[in-house]
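Predicted, not measured: the structure shown is a model, and the values here were computed from it. Ligands are counted one by one from 1 in listed order, and the atoms in each one are counted from 1 as well.
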Amino acid sequence: MNIAPIRIAPSILSADFSQLGEEVRAIEAAGADLVHFDVMDNHYVPNLTIGPLVCEAIRPHVSIPIDVHLMVEPVDALVPMFAKAGANIISFHPEASRHVDRTLGLIRDHGCRAGLVLNPATPLGVLDHTLDKLDLVLLMSVNPGFGGQKFIDSTLDKLQQVRARIDSHLRDGGEPIWLEVDGGVNAGNIADIARAGADTFVAGSAVFGAPDAGGGYRTIMQRLRDEATKFAR
Ligand code: DX5
Ligand code: ZN
């Protein structure tokens, strides 16, 4: 069996912002594969969070990739800023960019991997003409804007559909498109999410709010990975 890699991406939205450097070092030491970085603009989403300056500030603290999730509108002006600040992956919501194809190209031109984020009610048609320019599809399993929400179960069916599309999309070499899920992921549901086809798992409150959080996040990270690996494809 071909075991696809499992990637765990703790969302620092739920971290202690008063000591972010320490927090990202702790998740890397605990085995995180990516740092998930939630950017909210109080326009595309009601909440307001962090920008390129904070990305630049945490960059020297970790060697794992920084996975920037832009919940902003418009998108393009922030792409070069985040690339310069050390982002490795930049994802955006297609309805927030007037020219989706151009924004995807812009992200890659700046040396980053490009992702599209689909909200719970966003149909999959946006993938029809974009898969060639995509490195990652991020399915929201909550409505974007806040951490700590409940996983929306219909995401499982949607994940299966996106998985089928990715698997049947012919790539001329290179790494397969990642399928990431974001919102309400925890140790109790990650196995079902992995079985539905996700390979990359954002977890905010499940990691930073874990009971052993003081112990450096190792136990929760291992638990998430073990559960997800149970059903690795
Ligand atoms: C929501 C953010 C998520 C969020 C996930 O808009 O995109 O990354 O932080 O948090 P949890 O894992 O707590 O649902
Ligand atoms: Zn996110």
| query | Could you go step by step and tell me if Val72 and Leu78 meet the side chain to side chain contact (heavy atoms under 4.5 Å, CB included) rule? | reply | CA-CA 9 Å; Val72 303; Leu78 283 174; 3.8 Å; yes
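With 3.5 Å as the limit, one finds a donor-acceptor pair spanning the side chains of Asp76 and Thr103. The closest side-chain donor-acceptor pair between His169 and Asp132 falls under 3.5 angstrom. Looking only at atom types and distance, the side chain of Asp38 has a donor-acceptor partner in the side chain of His36 under 3.5 Å away. In summary, the side chains of Gln19 and Asp16 do present a donor paired with an acceptor at a separation below 3.5 Å, with no hydrogens or angles considered. Defined by atom type and a distance below 3.5 Å, a donor-acceptor pair is missing between the side-chain atoms of Glu227 and Asn189. Residues His129 and Asp101 have side chains that never bring a donor and an acceptor to within less than 3.5 angstrom of each other.
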N or O contacts of ligand 1 with protein under 3.5 Å, please list pair by pair.
residue	atom	partner	partner atom	Å
ligand 1	6 (O)	Gly145	N	2.8
ligand 1	7 (O)	Asp38	OD1	3.0
ligand 1	7 (O)	His69	ND1	3.2
ligand 1	7 (O)	Asp182	OD2	2.9
ligand 1	8 (O)	His36	NE2	3.4
ligand 1	8 (O)	Asp38	OD1	3.2
ligand 1	8 (O)	Asp38	OD2	2.7
ligand 1	8 (O)	Asp182	OD1	2.7
ligand 1	8 (O)	Asp182	OD2	3.0
ligand 1	9 (O)	Ser11	OG	3.1
ligand 1	9 (O)	Asp38	OD2	3.1
ligand 1	12 (O)	Gly204	N	2.8
ligand 1	13 (O)	Gly148	N	2.8
ligand 1	13 (O)	Ser205	N	2.9
ligand 1	13 (O)	Ser205	OG	2.6
ligand 1	14 (O)	Gly184	N	2.8

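Using a 4.0 Å cut-off between charged side-chain N and carboxylate O, Arg223 and Asp226 make no salt bridge.
Between Tyr44 and His93, the ring-plane angle classifies as tilted under the 30° and 60° cut-offs.
If you count the protein N, O or S atoms nearer to the Zn ion (ligand 2) than 2.8 Å, you get 4.
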